[in-house]
Protein chains: 2
Amino acid sequence: MEDQEIRKAGLKVTAPRVKILELLENSEQRHVSAEDVYRMLLSANEDIGLATVYRVLTQFEEAGLVEKHHFEDGHSVFELNKGKHHDHIVCVTCGRVKEFVDETIEDRQKKIADELGFQISEHDLVIYGKCLDDACERKP
Amino acid sequence: MEDQEIRKAGLKVTAPRVKILELLENSEQRHVSAEDVYRMLLSANEDIGLATVYRVLTQFEEAGLVEKHHFEDGHSVFELNKGKHHDHIVCVTCGRVKEFVDETIEDRQKKIADELGFQISEHDLVIYGKCLDDACERKP
DNA sequence: AAATAAATTGAGATACCGTATCGTTGAGAG
DNA sequence: CTCTCAACGATACGGTATCTCAATTTATTT
């Protein structure tokens, strides 16, 4: 049950939080924006304000339940935290997102930060490209 | 002379473009936001509108004269294009930015994109961390 | 050098994303 | 069940970036 996860995060179990968490868990796309979530809630006839969506997603992020990413187009997306770090590759045309992990890159990053006198808190590698999928089209 | 570069970019040589390019070339910081540029112009008693600053920077970007980067805090910065690709490491506290290049990482990226069926157009690796500089302080 | 056509400009309006405020509601401890 | 404080929805707001449009400027043509 979602209730447990929310409680564990130190948050009260409220309808919006449960609904949003459910939605994230059952969503087709792993990467959704706050607006996406809001629209999905409307479709589901849930009466939840946009401000609450942002609030809840931010709280979930602080609690480590979801991760937030800022892509170059200025769009922020949230995704359920699977607990495993990964980077993203985004199609510049259709917006499709894939995930990947590469130990070599991870190691090099640590080394570089070390050399430059930084203590890594996090990082974001995003590769932008054109995917070769047949259905790749610019979104409307 | 800046005129040449602007002309080569296919743009008319106008006062705002020359001033902005000069400013980028002589600026202390390599990484400046549009607002930064605007404020610098005001200080220099130039009568150039904010909209123009955005327009010119965007044109410069399209012409390849500058590069634009979107950091996680939602801040965009521009920097003169030295023609050489590099990535960034940003201090989460003081905002200091350093650049680096790592061939190993570059290679791995190409390989990953290949495997996932993407044709890389560009990429952005940003490492966020805490720098160990003595003067590191949160900005006012 | 003057005329002209096209591009560019500044000011302000506007769009956009995300945050803050505020009065109301409801979760959950006692 | 009652009470208190956190959480809520609505809406105003803030900062960044873009759009609109009349006025100006560029650079080409006379």
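Just the heavy atoms: all of them, side chains too, but no hydrogens, waters or symmetry mates, feed the values below. Chain letters run A, B, ... following the sequence lines, proteins first and then strands; every chain starts at 1.
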TODO: Report the residues that fulfil ring-ring contact (aromatic ring centres under 6.0 Å, His included) with B:His31, sequence neighbours left out, ordered by chain and then residue number.
DONE: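 For B:His31 the ring-ring contact (aromatic ring centres under 6.0 Å, His included) partners, ignoring immediate neighbours, are B:His88.
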
Atom pairs and distances, donor-acceptor, side-chain atoms in residues 54-65 of chain B, under 3.5 Å, two or more places apart:
unit_1: B:Arg55; atom_1: NH2; unit_2: B:Thr52; atom_2: OG1; d: 3.2
unit_1: B:Thr58; atom_1: OG1; unit_2: B:Tyr54; atom_2: O; d: 2.7
unit_1: B:Gln59; atom_1: OE1; unit_2: B:Arg17; atom_2: NE; d: 3.3
unit_1: B:Gln59; atom_1: OE1; unit_2: B:Arg17; atom_2: NH2; d: 3.3

Round to the nearest Å and state the distance from [X] atom [atom1] to [N] atom [atom2].
| X | N | atom1 | atom2 | value |
| --- | --- | --- | --- | --- |
| A:Asp36 | C:dC16 | CG | C1' | 15 Å |
| B:Lys12 | C:dA7 | NZ | P | 7 Å |
| A:Ile6 | D:dA6 | CD1 | P | 18 Å |
| A:His70 | C:dC16 | NE2 | C1' | 12 Å |

Side chain of [X], heavy atoms from C-beta onward: which of [options] has the nearest atom to it?
| X | options | result |
| --- | --- | --- |
| B:Ala51 | C:dG12, C:dA27, C:dT9 | C:dG12 |
| B:Ser76 | D:dA17, C:dA7, C:dT9 | D:dA17 |
| A:Leu11 | D:dA7, D:dA17, C:dT9 | D:dA7 |

Task: Any B:Arg55 side-chain N or O less than 4.0 Å from OP1/OP2 of D:dA17 - done: no

Task: Under 4.0 angstrom between A:Tyr54 side-chain N/O and C:dG18 OP1 or OP2 - done: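 The answer is yes; a side-chain N or O of A:Tyr54 sits under 4.0 Å from OP1 or OP2.
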
TODO: Please name the residue in the list B:Ile20, B:Leu80, B:Val77, B:Leu21 that meets the side chain to side chain contact (heavy atoms under 4.5 Å, CB included) test with B:Val66.
DONE: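 Exactly one candidate clears the test, B:Leu80.
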
Open item on the list: Quick check: on DNA chain D, is the nucleotide nearest B:Thr14 upstream (toward 5') of the one nearest B:Glu35, or the reverse? Name the residue that is more 5'.
Closed with: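 Nearest nucleotide further toward 5': that of B:Glu35.
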
TODO: Measure from the side-chain N and O atoms of B:Asp36 to the backbone N and O of B:Ser33, and report whether any donor-acceptor pair falls under 3.5 Å.
DONE: yes

